[in-house]
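These numbers come from the heavy atoms of this one structure, side chains and all, not from hydrogens, waters or symmetry mates.
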2 protein chains.
Amino acid sequence: MSSNHTHNKKDQTLTKNQRIVLNLLQDSGEPLKAYFILDSLKKEGLNSPLQVYRALDKLVELGKIHKVESLNSFIICNNSNCASNTAFTICERCGKVKEIKNNNLTEGVNELVRENKLNITRYNLEFYVVCNTCKIN
Amino acid sequence: MSSNHTHNKKDQTLTKNQRIVLNLLQDSGEPLKAYFILDSLKKEGLNSPLQVYRALDKLVELGKIHKVESLNSFIICNNSNCASNTAFTICERCGKVKEIKNNNLTEGVNELVRENKLNITRYNLEFYVVCNTCKIN
DNA sequence: TTTAAATTGTTATAATATTACGTATGTAAT
DNA sequence: ATTACATACGTAATATTATAACAATTTAAA
């Protein structure tokens with residue numbers, strides 16, 4: 001049983017559907033839409049939207065993936081120990097999405113949240129940008 | 001021609017469909033979904049989803065309303081001179097949505113954006129909270 | 001090993017949003 | 001006033017995103 005994916009222990013507890021959806025998102029690195037995932041995994045045995053949505057829901061719950069709300073898409077979490085707080089940059093020109101992690105911006109936001117003593121349980125931040133590649137061109 | 005709505009000059013340039021959609025969102029103060037708006041305005045002459053979506057698109061473009069992405073809903077802008085940057089709190093218990101404006105949090109975010117010299121053109125921030133009312137109960 | 005919880009597969013349908021097309025309207029330049 | 005242009009309109013059809021309902025099965029734990 002070899003695989004070109006690196007899984008941690010916790011991945012072993014995923015069900016088959018959850019695992020193949022996670023692998024696809026992992027390999028892609030880009031945000032993918034539910035029905036694209038469905039089409040891509042037909043050959044793996046996924047037949048209905050609900051199978052995809054159920055896997056996605058679970059993976060979001062586990063913090064392994066995130067939903068990019070304004071794109072109706074799902075992306076692998078690139079921050080292994082991230083909580084439910086998410087922050088993304090989305091390039092307005094090319095659509096590229098990056099998860100922002102552990103930088104001044106997210107630290108600053110966390111501090112602001114603490115300072116302001118809002119009862120914030122989690123947040124989702126979407127920053128629209130012109131990415132470096134697009135900026136040059 | 002009297003009205004219980006307060007309109008500024010610019011509202012005069014809105015078309016009929018745009019105006020009745022704006023008025024509904026204004027009177028409601030809550031985020032409303034497109035098809036709810038459609039149902040509500042049947043009697044005013046709105047017949048198809050597209051009429052609603054076109055009005056909503058224009059109003060978003062004008063900055064008079066905002067889309068709350070994670071709710072697929074639209075809410076009146078309560079900050080008359082706001083740009084395309086938006087920040088909301090969303091109560092996880094009761095669903096109440098408030099636009100955050102001109103407070104420490106948004107000022108802080110603006111400063112972080114400046115400091116980090118990201119090519120950010122606009123942002124949408126959604127903070128999930130337990131609102132004061134729900135916190136008590 | 002029996003019970004409870006979670007997951008599965010399937011069908012159907014709900015909810016959200018856009019495409020395509022032709023018509024009408026308002027505005028500005030000729 | 002007439003043309004040209006952009007914007008908005010109305011309507012029908014369709015695409016996209018997501019969930020409900022139900023029965024069967026697997027899994028984990030007591």
Side-chain angles (χ1 to χ4, degrees), chain A residues 7 9-25 28 30-75 88 90 95 97 124 126, chain B residues 9-25 28 30-75 90 95 97 124 126:
Chain A
H7 300 300
K9 280 271 168 56
K10 279 196 176 168
D11 284 4
Q12 306 302 327
T13 73
L14 297 179
T15 66
K16 184 202 160 212
N17 287 355
Q18 291 160 10
R19 202 166 50 249
I20 62 179
V21 169
L22 181 62
N23 285 350
L24 181 63
L25 285 166
S28 158
E30 293 184 329
L32 301 181
K33 288 172 172 282
Y35 278 74
F36 175 89
I37 293 171
L38 177 56
D39 287 344
S40 303
L41 297 178
K42 282 259 165 71
K43 55 184 175 314
E44 312 277 349
L46 284 193
N47 297 309
S48 80
L50 199 43
Q51 293 176 299
V52 175
Y53 280 107
R54 285 201 278 227
L56 289 171
D57 285 351
K58 191 65 183 181
L59 292 169
V60 166
E61 191 187 318
L62 294 174
K64 297 194 169 299
I65 66 173
H66 302 301
K67 181 169 188 181
V68 185
E69 293 289 353
S70 66
L71 301 178
N72 295 320
S73 298
F74 299 84
I75 191 169
F88 302 103
I90 303 171
V97 174
N124 176 56
E126 302 187 359
Chain B
K9 280 272 168 56
K10 278 195 178 169
D11 285 3
Q12 309 301 329
T13 72
L14 296 179
T15 66
K16 183 201 161 214
N17 288 356
Q18 291 160 10
R19 202 165 49 247
I20 62 179
V21 169
L22 181 62
N23 285 349
L24 181 63
L25 285 166
S28 157
E30 292 183 330
L32 301 181
K33 287 171 171 285
Y35 278 74
F36 176 89
I37 293 172
L38 176 56
D39 287 343
S40 302
L41 297 178
K42 281 260 166 71
K43 55 184 177 311
E44 312 276 349
L46 284 194
N47 297 309
S48 81
L50 195 46
Q51 292 175 300
V52 175
Y53 281 108
R54 285 201 279 226
L56 290 170
D57 285 351
K58 191 65 183 182
L59 292 169
V60 167
E61 191 188 318
L62 294 173
K64 298 193 168 299
I65 67 174
H66 302 301
K67 182 169 188 180
V68 185
E69 294 289 352
S70 66
L71 301 178
N72 294 320
S73 298
F74 299 85
I75 191 169
I90 303 171
V97 173
N124 175 57
E126 303 188 0

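Listed candidates were C:dT18, D:dA8, D:dA18. Nearest to the side chain of A:Tyr53 is D:dA18. Out of D:dA8, C:dA20, C:dT16, the shortest distance to the side chain of B:Lys58 is found at D:dA8. In the set C:dT8, D:dA12, D:dA21, D:dA12 carries the atom at the smallest distance from any side-chain atom of B:Leu50. In the set D:dT19, C:dA17, D:dA8, D:dT19 carries the atom at the smallest distance from any side-chain atom of A:Pro49. For B:Ser48, taking side-chain heavy atoms from C-beta onward, the closest of the listed nucleotides D:dT11, D:dT17, C:dT7 is D:dT11. Ranking D:dT17, C:dT8, D:dC9 by closeness to the A:Lys33 side chain, first place goes to D:dT17.
Note: CG (A:Leu14) to P (C:dT7) measures 10 Å, nearest angstrom. Atom NZ of B:Lys67 and atom C1' of C:dT16 are 8 Å apart (whole Å). Distance, A:Glu69 CD to C:dA17 P: 12 Å, rounded to whole Å. In this structure, A:Gln18 places its CD atom 11 Å from P of C:dG9, rounding to the nearest Å. The CG atom of A:Asp57 sits 16 Å away from the P atom of D:dT17 (whole-angstrom rounding). Separating the CG atom of A:Leu38 from the P atom of D:dT16 is a distance of 13 Å, rounded to the nearest angstrom. Going from atom CZ of A:Arg19 over to atom C1' of C:dT7 covers 13 Å, rounded to whole Å. Remark: C1' of C:dA5 and CZ of A:Arg54 are 14 Å apart, rounded to the nearest angstrom.
For the pair A:Glu69 and A:Asn124, the minimum side-chain heavy-atom distance is below 4.5 Å. Two residues are said to be in side-chain contact when any heavy atoms from C-beta on lie closer than 4.5 Å; A:Phe88 and A:Ile75 meet this criterion.
No option in A:Val21, A:Asn23, A:Ile20, A:Leu62 other than A:Leu62 meets the side-chain contact (heavy atoms from CB on, under 4.5 Å) test with A:Leu14.
Along DNA chain D, the nucleotide nearest B:Gln51 and the nucleotide nearest A:Phe74 are compared for position; the residue whose nucleotide lies closer to the 5' end is B:Gln51.
Under 4.0 angstrom from either OP1 or OP2 of D:dT7 there lies no side-chain N or O belonging to B:Lys16. Between B:Thr15 and the phosphate of D:dC9, there is a side-chain N or O to OP1/OP2 separation shorter than 4.0 Å. Taking 4.0 angstrom as the limit, B:Asn47 places a side-chain polar atom (N or O) nearer than this to OP1 or OP2 of D:dT11. Within the 4.0 Å cut-off from OP1 or OP2 of C:dA17, not a single side-chain nitrogen or oxygen of A:Asn72 is found.
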### Task
Walk me through it: do A:Val52 and A:Leu41 pass the test side chain to side chain contact (heavy atoms under 4.5 Å, CB included)?
CA-CA 9 Å; A:Val52 175; A:Leu41 297 178; over 6 Å; no

#### Entry: B:Asp39 and B:Phe36: CA distance, side-chain angles, deciding distance, side chain to side chain contact (heavy atoms under 4.5 Å, CB included) verdict
CA-CA 5 Å; B:Asp39 287 343; B:Phe36 176 89; 5.8 Å; no

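Taking only distance into account, the side chain of B:Tyr35 meets the base of C:dA17 through a donor-acceptor pair shorter than 3.5 Å.
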